[in-house]
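Data first, discussion second: the structure below is written as structure tokens.
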Protein chains: 2
Amino acid sequence: MELEKENKKENTVIKARILAMQEEMAHRGIDFYFVPTADFHNSEYVGEYFKVREFLSGFTGSNGTLVLSGKQAGLWTDGRYFIQAEKELEGTGIQLYRMQEAGVPTIEEYLAQEMPEGAVLGFDGRVADAAFGKRLEEKLSAKNIAFRYGEDVADAVFGSERPALSCGRLWILPGHLCGEDCNEKLARVREKMAEEGADAFLLSKLDDIMWLYNVRGSDIACNPVAMSYTYITKDDALFFVQEEAMTQETKSYFAKHHITVKPYGALLSYLREIPRTAKVLIDMENCNYLFYKTIQEAGAATVEKANPTTRLKAVKNKTELQNMEEIYLRDSVALTKFIYWLKKNIGRMKITEVSAAAYLDNLRRQTEGFLDLSFPTIAGYKENAAMMHYEATPENCSELALEGMFLVDSGGQYLGGTTDVTRTIVLGKITDEMKEHFTAVACGMLRLTGARFLHGCTGRNLDILARELLWKKNIDYKCGTGHGIGYILNVHEGPQDIRWRLSRQAEAPIEAGMAISNEPGVYIEGSHGIRTENVIVAKNGEKNGDGQFMYFDTLTFVPIDRDGIDAAYMAKEDIDSLNAYHQAVYEKLEGRLDADERAWLKEVTAPVAYNF
Amino acid sequence: MELEKENKKENTVIKARILAMQEEMAHRGIDFYFVPTADFHNSEYVGEYFKVREFLSGFTGSNGTLVLSGKQAGLWTDGRYFIQAEKELEGTGIQLYRMQEAGVPTIEEYLAQEMPEGAVLGFDGRVADAAFGKRLEEKLSAKNIAFRYGEDVADAVFGSERPALSCGRLWILPGHLCGEDCNEKLARVREKMAEEGADAFLLSKLDDIMWLYNVRGSDIACNPVAMSYTYITKDDALFFVQEEAMTQETKSYFAKHHITVKPYGALLSYLREIPRTAKVLIDMENCNYLFYKTIQEAGAATVEKANPTTRLKAVKNKTELQNMEEIYLRDSVALTKFIYWLKKNIGRMKITEVSAAAYLDNLRRQTEGFLDLSFPTIAGYKENAAMMHYEATPENCSELALEGMFLVDSGGQYLGGTTDVTRTIVLGKITDEMKEHFTAVACGMLRLTGARFLHGCTGRNLDILARELLWKKNIDYKCGTGHGIGYILNVHEGPQDIRWRLSRQAEAPIEAGMAISNEPGVYIEGSHGIRTENVIVAKNGEKNGDGQFMYFDTLTFVPIDRDGIDAAYMAKEDIDSLNAYHQAVYEKLEGRLDADERAWLKEVTAPVAYNF
């Protein structure tokens, strides 16, 4: 083991790129430079053009910021990626900063500490959000740091290897999938603008724009969005989009709805000319720093509030919810068929993480209404599953065998909804400890599903229902329990989520119609990873003098592997919940399976016996 | 019923007082005036001198603000007091505003809505906290409202009936009860001041001052505090206190510790003279508006942060915790003896709410180390218990009988701790529904006690553990689940609490050594009230890669009435918890009881059988 450690290979490719960055920084007189993982819209997932941090550092996770000085390189990422980042950064000389761990500085704190008085901080203000830029301003003001936010240093290093900015075709969501006309949505948005005292609204968030205009694009893999902005005033709505993305049909559609289409690149000059009296609502988390400064320099006022569209979009309307119910059943069928196939064929043919994922992806592709995956399928066997967002590659993936557990987190984009589901499948013998963990995760998921709560609760109030059984074993999972989920849109959306920690982010009360993932897990580095994830929808229950009571309905109906369950670790109420869920799984899916699959499903959804 | 409503009596005394206020307001040119429930220190409970709102409105609850205009009178109070306030305000013409209910304006919103442009708002700036004053400034700025904060209008109406400002003797806490010298505490406070960038600290909060100097007073019933302020700089500590409160002994004590004693009334002129360069830390919630404005007018800067003392005080040291353990056992003995007495004598002698409370208070008084009650005993029979903070009076109290439930919430101040405990005692036949409620409350209390959680959790994360069983029945209790509790100090203290709602108040992570009450309840207006309350202390458990795990220890050991428990409503785990608790109650108390009591305790703490 010692020997191995000393022999760790140098990653010469990444080292060379970091060095090139540092040379270019020196050339431009920049002392510190940072590269976030963002596009011009602060999207969570970005197009290939924007994968600069990944290119420079070799770290492929969906969240991370590279910070460079003349001598040092550091990468900040969150708990989902600690194990993966450690591996991928090996031999690069880049230091890993584990965000939110005790004693680990934030990027702002790091810069405030490391940057000398009067030094120069460079970054590309188009890919840094305004909130972060403003925090940097505050944190670095005492040290008289110069901000050079027009610097795309990485572009020089990326050079000809850099992919082009993507430009897929924009398409109109058919009326039967919408439930609300875009002009009705605009009217509701304008109401919210008025409530916030704004007479204009610059919206950069791509999924919000798609939702607002009932359109979809394809500029980011798995995220059906088009690179665009919209600027809304009391009377006008301007839609900035790449001209090549538009067809005659979409042009007519926007014209018919009195929405003015402008070139994507025209927003910057447009903002320079807005009236000095304008009060422009911007979401500091999603508007980029360059636009924020441009509005300020134009002399207009900013109203710094959350995008009202985000909250409106999160509450699914009746049409959306009906379509989702059907789509989630279809998607559940695909995953259930996959589990059946895997259970029958493991040990009889060669199956790897990659080939298994491909088989599942193909089942989804064959599903009516399928458009795309909602994210690249995560398929992790044994200890690989301990990496929360592990991605197997054909060159580097495990072969499955008749032992241990296989975690599959996957989802699809369909005409009628976006899905996200995780099951951990037991392939053979597992330890008692693994069963204990598996059972606690399943029970936690079911306990959160069974929550009754008052309107006004946020995810911070509810998180412990899913997590408590693990905390009682002195185990935690280093991420939230759940996230909002889009409708034929991003697999992660706000404002609601289920997490326990205080964060900068405003907490959003859970409203009827919000869809949320419910995915507790156990991740034991080097051993095993377990996650069980359903999507649930908040509903209104009884309303009385004590308030509006709420509950969750489940959208996902896929068996939870009983081979991982040990009733000895369950309360009677947990056994009842699991059995009721499995009965519903059987009833919802039986008519959509062939005879062999149905017989198997009957067996694997049979009730678990009480343990007394 | 209709007739009764129409015949509601006028409360002529209160009506006359309101009218006198309105006349005095008109005389002084004041359009709107408000009277909070506060002393100069924003204490939760106040001395008789400060009971102005109670005098003017007749509402006796511990929280409420009276707002008057020339024509209208409104009283704002919180959910604990809705039922009581309705009763007490009957016939006064004062409208009740139920705080935090949907559609009910805050006082700021009400004033902003009702006050005409350019009108005059009067109040006594000594009894309004700075945070509230600042919110008013912001809310009313658009309407150009004049603030007259030097106006004690009520004093003119109160007149000769007003009691004098109380002035009890200050006494020094014996060293074996402290665990930390006051100069050590001062050093820790000065560290926190430096961290916050302050070079001075005005502390108005009475219990914090008592804690800091290891002294106690007796100026507020049940709250062993002395009217005082302290102003701390890097080198000096000034203690402002009524001269009559000091003895030769206390004078020597302060001199020995290099703390300068000044007259209570001298602070205002002292603040007028502080250096313009001073950066004075004040807690806007506890510093009064007059002092806040005075510091500003002196040209000094305010550092507006929570009192660092509050957080330091909340974490009990080893000496304090050891003393509390013993004191809670003694207090538990008193309440257990009371329950024994009540169960044996109900139906055999006349017992009223008041006489029962007197019997219990007397048992406490006989307890070694007793100083005072920690609040007036709340003793509510049947539907009276639905009023969360009901206070029976000899003239108006119920007689107990062999049926229904009797709620007793009580506590004591002892040399060694402050207690707070509630038990609901079943006196005879109760309905199945009452048993269901009683059982859910007991189980909720025990579930919260059994919580395991990570350091960083606040009460908002944990509240649902106590409340969920009620929410599953579409029932809520309109208050928090728990509050911090002082050490020979106020029965309510911050910063920690257990509640689910987002509030303006900053959330405080629960730290090892914090004592917290755990008191879920059910309150059915006109029928019954149930509350079961223990005090628990947070402790550190295992620390591992996932963080510092924590748990609670229990301080209170009093049987939970098994006549209210129905195992049919309990999970097996709840039955186990209750039985384990009762076993501990028996083991801790048996040696402190006489033979009859011991035999009875054995019986009432016997295990509940499983329901399957």
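So you know, we letter chains A, B, ... as the sequences are listed, proteins then strands, and number each from 1.
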Apply side-chain contact (heavy atoms from CB on, under 4.5 Å) to A:Arg452 and B:Lys473, showing your working.
-> CA-CA 9 Å; A:Arg452 295 270 171 160; B:Lys473 301 179 197 302; over 6 Å; no
Of the listed residues (A:Arg501, A:Met550, A:Glu101, A:Glu468), which shares the most heavy-atom pairs with chain B below a 4.5 Å separation?
->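 Most heavy-atom pairs under 4.5 Å with chain B: A:Glu468.
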Residue selection (most heavy-atom pairs with chain B, distance under 4.5 Å) from A:Pro509, A:Cys457, A:Gly547 = A:Cys457
Could you have a look at B:Asn461, B:Asn544, B:Ile464 and say which one has the most heavy-atom pairs with chain A under 4.5 angstrom?
->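 When all of B:Asn461, B:Asn544, B:Ile464 are compared, B:Asn461 has the most.
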If you count heavy-atom pairs under 4.5 Å with chain A, which of B:Leu462, B:Thr458, B:Leu470, B:Leu465 comes out on top?
-> B:Leu465
Near [X] [atom1], under 6.0 Å, is it more than 12 heavy atoms from other residues, nucleotides or ligands?
X: B:Lys305; atom1: NZ; value: no
X: A:Lys279; atom1: NZ; value: no
X: A:Lys539; atom1: NZ; value: yes

Measure B:Lys472 against the heavy atoms of chain A and call it side chain, backbone, both or neither at under 4.5 Å.
->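 For B:Lys472, the contact with chain A is made by backbone and side chain together.
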What part of B:Ile475 lies closer than 4.5 angstrom to a heavy atom of chain A: side chain, backbone, both or neither?
->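 For B:Ile475, heavy atoms of backbone and side chain both lie under 4.5 Å from chain A.
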Closest approach of A:Trp471 and B:Phe453, non-hydrogen atoms and distance?
->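 Here A:Trp471 and B:Phe453 meet closest at CE3-CA, 3.4 Å.
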Check the pair B:Asn474 / A:Asp546 against side-chain contact (heavy atoms from CB on, under 4.5 Å), numbers first and verdict last.
-> CA-CA 8 Å; B:Asn474 296 319; A:Asp546 286 343; over 6 Å; no
A:Leu454 and B:Arg467: side-chain contact (heavy atoms from CB on, under 4.5 Å), yes or no, with the steps?
-> CA-CA 10 Å; A:Leu454 269 174; B:Arg467 206 179 293 260; 6.0 Å; no
NZ/NE/NH1/NH2 to OD/OE distance under 4.0 Å, B:Glu507 and A:Arg460 | yes
Check whether A:Asp463 gets within reach of chain B through its side chain, its backbone, both or neither, counting any heavy atom under 4.5 Å.
->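 Neither the backbone nor the side chain of A:Asp463 comes within 4.5 Å of chain B.
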